[in-house]
Amino acid sequence: MEEGLCKNFVPSSGFVDKTKIVEVKPLRSLAPVLPKSLQSSHSLRYPSVFPPFIVFEEVQESQPSSPPPIPAPPIKSYKILVEEEETPHVVHDDSSTPMSVDDGQKRGPQPLNSCKSSQKRSKKTKESHFDSSFSAGGAISVAQRDDGDRETVNLVLMTYDSLRRRLCQLEDARELNTTMSIKRADLRASNALSAKAFRTNMKKRVGAVPGIDIGDIFFLRMEMVLVGLHGQSMGGIDYMTAKDETVALSIVSSGVYDDETEDDDVLVYSGQGENFNKKDKHVIDQKLQRGNLALDNSSRRQNEVRVIRGLRDAVNKSAKIYVYDGLYKIQDSWIEKGKSGGGVFKYKFVRLPGQPSAFAVWKSVQKWKMGSSSRTGLILSDLSNGVESIPVSLVNEVDNEKCPFFQYFNDLLHPKPFSLAQSSYGCSCTKSCVPGDLSCSCIQRNEGDFPYTSTAVLVSRKQLVHECGPMCKCFPNCKNRVSQSGLKLQMEVFKTKDRGWGLRSLDPIRAGTFICEYTGEVIDRAKVNPYREYNDEYIFNTSHIYDPFKWNYEPSLLEEISSNVSSEDYCMPSPLIISSKSSGNVARFMNHSCSPNVFWQPVLYAENNQSYLHIAFFALRHIPPMSELTYDYGCSGHVEGSNAPNGRKKCLCGSSKCRGSFG
DNA sequence: GCGTACTCACGTCC
DNA sequence: CGGACGTGAGTACG
C-alpha cells in the first residue's frame, strides 16, 4: 500500500505531467469563506421565528386541484396565540391575516402547545436530580430546551454522538472483557441525554425549527428527536393536538411504504396503519385517525409540514441517512387500494418555493455519479491523476481560472522520525487487531482503547492516535489503519466565490469519519524562516495557537456534564510543519473557518523502524454533500512586534464566532 | 397520573 | 445479502 503511494511521486526524474501542473496562482487566502456551498440560497433561509401565513394568500389564489372540503385557515394561528402569550408586547395585525375562524380560539385562555412542553419538562425534571446543576452550569438552559438555536443544536448533536461512539467502542471491546452488554448504543446515549433533559426545541411547533437548517443530515432517528425536528422515535408522522384538533408537524419518508416521488419537489406520502389485521386475518382499510387525521387537517388548513427524506447510506448499506428537506404543503389527498387490497391514504406533498435545495442536491450528485448528467464547470475529472483510488474532480462554476499549480502527492516528504520512549516496532497480532485485545501493543499505546468503531469512525480526540502500520504483523486491512488507506469519499476541488479554491465532498460524511491526511513537504522547524511562512499560504503548523474545543464526552462525565465544560486542549508531542505549496493532496485546498466542520488529529505509526507523525482530518459533525469542508487554521504566535508582518489574513468565514483573522 | 397501543428503528441472527 | 425478529423510545390517548 505505502509503496504504491510512494511510486506515484516522481520528484526529480524530470518527468512532469502537464495534466497535474497547470499554471494558476493560488488564491487560497484572498477570498472570504462562505460557510456552505449552497450560498445562492443563503439569503432565502427562513428566520428562526417563521412569519405566519407567508404564502397563505398565494395558495388561496391558486387553489389546489382538489379544493378542500372545508376552507379552514392554517392552524398555525395556534402558534401565534402562544407567542402572544409569551411575548405580550408583540403587536399582531389581525386585519392582514385571514384567520377569522380562529378568533375565538385566539382569545382562548390557554396556550395550546407551550403549556404542553412545559408540562413535559417539569415531568422530566422531576425525574432528574441533575436538573438544577444543568441550568446552573449553562450546558442547556431551560429556555434552550424549549427553543434552540444553531449552537445548542450542535451541542446536543455532538454530545449525543460522542457518547454514542464511546458506547460503541465499549461494546466492540466487550467480547474479550466481560463487562456488561451495551447493545443499541444509540438508545443508551439518547436515554442518558433525555433523562437529564439535555435536548432542545422540546416545544412542538409548526414550521421551521430554530437552529436546524434545510439540508441538515442525520444518521439516526433519535438525533432528530433530541433536537426537536421530529418527535417520534419510530413513527413517520409527528403531530400535536391543539383545541381538540390534531395538526401534522413533520413526516419521515423512509421508503418503507411505497411513497412515490414524481420530481424532487413533490412527494406522495402514504398514511399510517396496517392493511392486514393479524388477529382476524382479513384485509382492512387505514383509518382516519392519529397521523392520518393530522395530515388531513393540515391539508385542509394548508399548514406547512416539515419533510425529512430517508435515504440508504452507501457506506453502511443497512443504515439510513435522513435529510431535512424543508417545508411542504399537502396539495391533494385521496384513498387508494394498497397491494393487499386495503385502503391506503395518500397525501401529495409539494415543496414551498424559495427554499435552499437539499434533497435535490442529492439527486444531482446521484446523476453525476451515474454519468447520466454532465457536471457543469468540470475542468478535470481527476485532479489526482490516478494517485487516489477515487477520482478527485475539479470544478469551476465561478470564473475562467483553470487549475491550481501543484503536484499531487499523497505522502510526507522528508519526514522526521518521531522519538518514542517505547519501541517503535508494531504489534504482533495475526490477521486483524481486535478491540479489547489488551495484548496488542498498538491498543496498549492507545490506553487500551481501539481508536475507531467497527464502521471506521474515530471515537475520541486524543493527543495522539496510535495506528498500526507497515511494521505491524497484522494484515493491511486491520481496522486500526484508517488514515492510511487514502480517500474513501468522493472529493471535489471547486472555485469558491471569493476565497479561491475550496474542498467539498459529494458524499455525506458522518461525524468522526476520516477525510484525508495533510501531505506535503515536512519543514525543519530549526530552519524555518518566519518570512517563508508569510509567503507560503500552504503551510500547516501544529505550533499555531488553536482555539480549544470539546469533542469527547465520557459516559461517566455525563453526570456532571455541566460542570465539565473544559475543552480538550492538547499539547503537541512534537511540532510539525508541513508545506503543500509545491506538492500535496486535497487537504491543501481546505479553507479556514472559525466555526469549522473538520478538525485535525495527530496520528502516529511506524515505518522502516521509525515512527512518523501524520496529520489526519476528521469530520467534526455530520456534513451534508456539497458543503464546503473547513478547519481552523489557528493563529501564529509571533505577533508581538507591532511593525513586523504577522502573516495573519483577514478572515471572511462569515461565522458568528469569527475571530477576524487567521494564519 | 398511569398503563397501553402504536409506529416509515436498529442491530443481530440465520 | 436479505428478511425475520426482538427489544425498543416517545408520544398520544383512554
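In what follows, every heavy atom counts, from backbone to side chain, and hydrogens, waters and symmetry copies are set aside. Quick note on labels: first sequence line is chain A, next is B, and so on, each numbered from 1.
In this structure A/Ser505 satisfies the side chain to side chain donor-acceptor pair (under 3.5 Å) test with no other residue, sequence neighbours excluded. Remark: A/Asp161 pairs with A/Arg164, A/Arg165 by the salt bridge (charged side-chain N to carboxylate O under 4.0 Å, His left out) rule, at least two apart or across chains. Residues passing the salt bridge (charged side-chain N to carboxylate O under 4.0 Å, His left out) test with A/Arg306: none are found, sequence neighbours excluded. In this view, A/Lys369 and A/Asp507 satisfy the salt bridge (charged side-chain N to carboxylate O under 4.0 Å, His left out) rule, not counting sequence neighbours. Checked against side chain to side chain contact (heavy atoms under 4.5 Å, CB included), A/Asp313 has the following partners two or more places apart in sequence or in another chain: A/Phe219, A/Val315, A/Asn316, A/Ala319, A/Ile321. Under the salt bridge (charged side-chain N to carboxylate O under 4.0 Å, His left out) criterion, A/Asp264 pairs with no residue, sequence neighbours left out.
Checking side-chain atoms of A/Ser357 against main-chain N and O of A/Val361 turns up no donor-acceptor pair under 3.5 Å.
Across all strands, A/Gly231 comes closer than 4.0 Å only to sugar-phosphate atoms, never to a base (heavy-atom distances). Counting non-hydrogen atoms under 4.0 angstrom, A/Asp238 reaches nothing in the nucleic acid.
At whole-Å resolution of the value, CZ in A/Arg199 and P in C/dA9 are 13 Å apart. Look at CG on A/Leu229: it is 15 Å from C1' on C/dG10, rounded to the nearest Å. Following rounding to the nearest Å, A/Leu226 (CG) and C/dT11 (P) show an atom-to-atom distance of 10 Å. Summarising the geometry, the separation between CZ on A/Arg188 and P on C/dT7 is reported as 14 Å, rounded to the nearest angstrom. To the nearest angstrom, P of C/dC13 lies 13 Å from CE of A/Met240. What separates CZ of A/Arg312 from P of C/dG3 is a distance of 9 Å, to the nearest Å. One interatomic measurement links the two molecules: OH of A/Tyr239 to C1' of B/dC8, which rounds to 15 Å at whole-angstrom precision. If you take CE of A/Met224 and P of B/dC8, they are 13 Å apart, rounded to a whole angstrom.
Each of A/Lys317 and A/Val225 lies near DNA chain C, and the nucleotide nearest A/Lys317 is the one positioned closer to the 5' end.
Applying the salt bridge (Lys or Arg N to Asp or Glu O under 4.0 Å) test to pairs two or more places apart or on separate chains, those with a residue in residues 317-327 of chain A are A/Arg309-A/Asp325, A/Asp325-A/Arg351. For residues 358-368 of chain A, no residue pair satisfies the side chain to side chain donor-acceptor pair (under 3.5 Å) rule, not counting sequence neighbours.
Checking A/Ser299 against A/Asp296 by side-chain atom types alone, no donor-acceptor pair falls below 3.5 Å. Donor-acceptor pairing under 3.5 Å is lacking for the side chains of A/Ser333 and A/Lys348.
A/Tyr347 and A/Phe349 have perpendicular rings, their planes meeting at more than 60° on a 0 to 90° scale where under 30° would count as parallel.
Among the duplex regions that DNA chain C forms, those built from at least three successive Watson-Crick or G-U pairs under 3.5 Å are B:2-7 with C:9-14, B:9-14 with C:2-7, ordered by first number.
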Item to check | Contact letters for nucleotides 9-14 of chain B, in which S counts primed atoms plus P, OP1 and OP2 and B counts the base, heavy atoms under 4.0 Å | outcome: BBS---
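Residues from residues 263-270 of chain A lying near DNA chain C, meaning a heavy-atom separation below 4.0 Å, are absent.
With salt bridges taken as basic N to acidic carboxylate O contacts below 4.0 Å, none links A/Asp216 and A/Arg621.
Separation of atoms OG (A/Ser460) and OH (A/Tyr553) is listed at 12.0 Å; rounding is to 0.5 Å.
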Produce the list of close N/O pairs, under 3.5 Å, pairing protein atoms with atoms of nucleotides 2-6 of chain B; give distances to one decimal.
none

